[in-house]
Amino acid sequence: MTKLIVTPFIIFLLSSILIFIKSSNASTTYNVLTFGAKPNGQIDATQPFLNAWGAACTSVEPTTIYVPKGRYLIKEATFRGPCKNKIIVKIDGTLVAPLDYWDIGNSGYWILFIKVNGISVIGGNIDAKGDGFWACRKSGNNNCPVGARSITFNWANDVVISGLLSINSQVTHLVINSCNNVMVKNVKIIAPDQSPNTDGIHVQSSTNVTIIGCRIKTGDDCISIGPGTTNLWMEKILCGPGHGVSIGSLGREYEEDGVQNVTLSYSIFTGSDNGLRIKSWARPSTSFVKNINYRNIVMKYVDNPIIIDQNYCPNSQDCPQQTSGVKISEVTYKNIEGTSTTEVAMNFDCSPSNPCQGIQLQDIKLTYMNKKAKSFCNNIQGTKKGVILPDTCI
């Protein structure tokens, strides 16, 4: 039997290997308090947060930016990449916007992550204090700022947003724009049902986005899906109040990307203005909607449970006497049930110049306040299977 002789060189070699393994998995934590942030919600913490980001972004090893419990006053803040390694932003506190809505209102963004790969935002609350901005908008004052989205990811890849609570955004709460591989899970979004343009989550020009286990109560779309969205998976969404889950509006521009490969499943709509909505402007466009799957959805007192509206023309703006060029095809509705607060529970108002094609209905059970509902069809081609209530006009 050969004896293992432990020499000083072997001890040195083994120690070096262990140090290398440990260093390769090392992670540095930057606490915003050490950069001067005060957790009292009164002293501006924007620069300390940006300084912590600068340190994390230039680190050659994975880093965590830690935000302890407390309230942190944050003005307009841009967290810019590219960075040298992955970053986790772990929030146990609350980020609050200034009371004066002008402080962030003309920026378009409150918290912006741009050109960052491998970014995770875990936990925490963000409160944009949007009620002053909404009051300005509702007053008819033409001198209001444009409004700031609460948290935005632009040109970012491999993104995780988990456990975040967003309250009272001036406009859209969470924006995913020109991103790839994004996971949004267990996010809560809250704003009053009459707060204008406070979409919950907006996705556009992005691929491979997953939204799961989110609770959204807001004054506009729970989730809005814009041009250029591909491979979007949504599951276990609780929506309402709000305007539902909307694809569009599309076709505002003539040259515009389409939306394809979208799935929404195992979700519940409660008291929302719409349920499953596809909306396009009534004017020429190269845009399209293709391969959309809605399945296992419950409607609880929803105004328009299923709706395709290709005659969207608010205030007759640049579209009277025109028809939508957006081509809608391969849309499947399967196992949709519940109650509508309007008599027309299924409304398919498609374009006369580009009729909806390949619309599939299977096992639909929608009633109108416990009475028989109706359906409306205009310029639509499709098939049906199983029990369909209300009686379909396809």
Side-chain angles (χ1 to χ4, degrees), residues 221 225 232 234 239 243-251 258-269 272-285 287-313 322-394:
D221 294 332
I225 303 159
L232 170 62
M234 300 168 287
C239 171
H243 293 181
V245 173
S246 296
I247 296 176
S249 55
L250 300 179
V259 172
Q260 59 185 333
N261 304 340
V262 174
T263 296
L264 173 66
S265 65
Y266 295 105
S267 297
I268 300 173
F269 294 78
S272 54
D273 290 3
N274 303 290
L276 315 173
R277 177 167 67 165
I278 301 174
K279 179 173 65 172
S280 72
W281 285 74
R283 57 191 188 198
S285 176
S287 189
F288 62 90
V289 177
K290 185 177 181 180
N291 191 24
I292 312 299
N293 291 278
Y294 303 111
R295 54 178 181 252
N296 304 317
I297 308 294
V298 175
M299 304 288 178
K300 297 181 178 180
Y301 303 103
V302 174
D303 290 354
N304 301 291
I306 295 175
I307 180 169
I308 295 178
D309 178 9
Q310 290 205 264
N311 289 295
Y312 182 65
C313 188
Q322 299 189 72
T323 61
S324 178
V326 176
K327 295 177 175 62
I328 298 175
S329 63
E330 299 175 32
V331 182
T332 299
Y333 303 88
K334 182 178 180 181
N335 193 22
I336 316 294
E337 63 180 37
T339 52
S340 172
T341 61
T342 58
E343 191 173 11
V344 179
M346 291 194 297
N347 189 342
F348 300 108
D349 191 10
C350 299
S351 169
S353 57
N354 292 280
C356 298
Q357 297 185 2
I359 308 301
Q360 300 180 45
L361 303 177
Q362 181 176 346
D363 299 326
I364 311 294
K365 298 177 183 178
L366 294 170
T367 61
Y368 165 50
M369 305 298 285
N370 298 319
K371 296 183 291 185
K372 187 175 180 180
K374 295 181 178 179
S375 61
F376 173 82
C377 295
N378 197 17
N379 307 307
I380 182 172
Q381 300 171 7
T383 59
K384 60 182 180 179
K385 183 179 180 181
V387 176
I388 307 296
L389 296 173
D391 295 336
T392 179
C393 41
I394 291 180

Tell me whether [X] contacts the main-chain N or O of [Y] through its side chain, where contact means a donor paired with an acceptor under 3.5 Å.
| X | Y | answer |
| --- | --- | --- |
| D273 | G244 | no |
| S285 | V326 | no |
| N274 | H243 | yes |
| D309 | N311 | yes |
| S324 | W281 | yes |
| S246 | G248 | no |

Find out whether [X] and [Y] are in side-chain contact, i.e. whether some heavy atom of one side chain is under 4.5 Å from a heavy atom of the other.
| X | Y | result |
| --- | --- | --- |
| T383 | Q360 | yes |
| L361 | F348 | yes |
| C350 | P355 | no |
| N304 | R277 | no |

Quiz item: Please walk me through it: do V331 and C356 pass side chain to side chain contact (heavy atoms under 4.5 Å, CB included)?
Solution: CA-CA 9 Å; V331 182; C356 298; over 6 Å; no
Atom pair [atom1] ([X]) and [atom2] ([Y]), whose distance is rounded to the nearest 0.5 Å:
| X | Y | atom1 | atom2 | value |
| --- | --- | --- | --- | --- |
| I306 | I359 | CD1 | CD1 | 11.0 Å |
| N347 | D303 | CG | CG | 12.5 Å |
| Q357 | S329 | CD | OG | 7.0 Å |
| N296 | I268 | CG | CD1 | 11.0 Å |
| N293 | T332 | CG | OG1 | 5.0 Å |
| L232 | Q260 | CG | CD | 12.0 Å |

Self-check item: Among K372, K384, K374, the one residue meeting salt bridge (Lys or Arg N to Asp or Glu O under 4.0 Å) with D391
Solution: K372
Exercise. Hey, can you tell me if Y294 and Y333 have their rings parallel, tilted or perpendicular (30° and 60° cut-offs)?
Key: parallel
Least distance between heavy atoms, [X] atom then [Y] atom:
| X | Y | value |
| --- | --- | --- |
| K334 | I364 | N-CD1, 4.5 Å |
| A282 | Q322 | O-CB, 3.2 Å |
| A345 | A373 | CB-CB, 3.8 Å |
| T323 | S353 | OG1-OG, 2.7 Å |

Quiz item: Is the count of non-hydrogen atoms from other residues, nucleotides or ligands lying under 6.0 Å from Y301 atom OH greater than 12?
Solution: no
Quiz prompt | Neighbour count above 12 (heavy atom, 6.0 Å) for Y266 OH | solution = no
Quiz prompt | Among L276, T341, T339, the one residue meeting side-chain contact (heavy atoms from CB on, under 4.5 Å) with M299 | solution = L276
Quiz prompt | side-chain contact (heavy atoms from CB on, under 4.5 Å) partner of V245, chosen from V262, D221, I225 | solution = I225
Cut-off 3.5 Å, side chains only: do [X] and [Y] have a donor facing an acceptor?
| X | Y | answer |
| --- | --- | --- |
| T263 | S265 | no |
| Q310 | S280 | yes |
| N291 | N261 | yes |

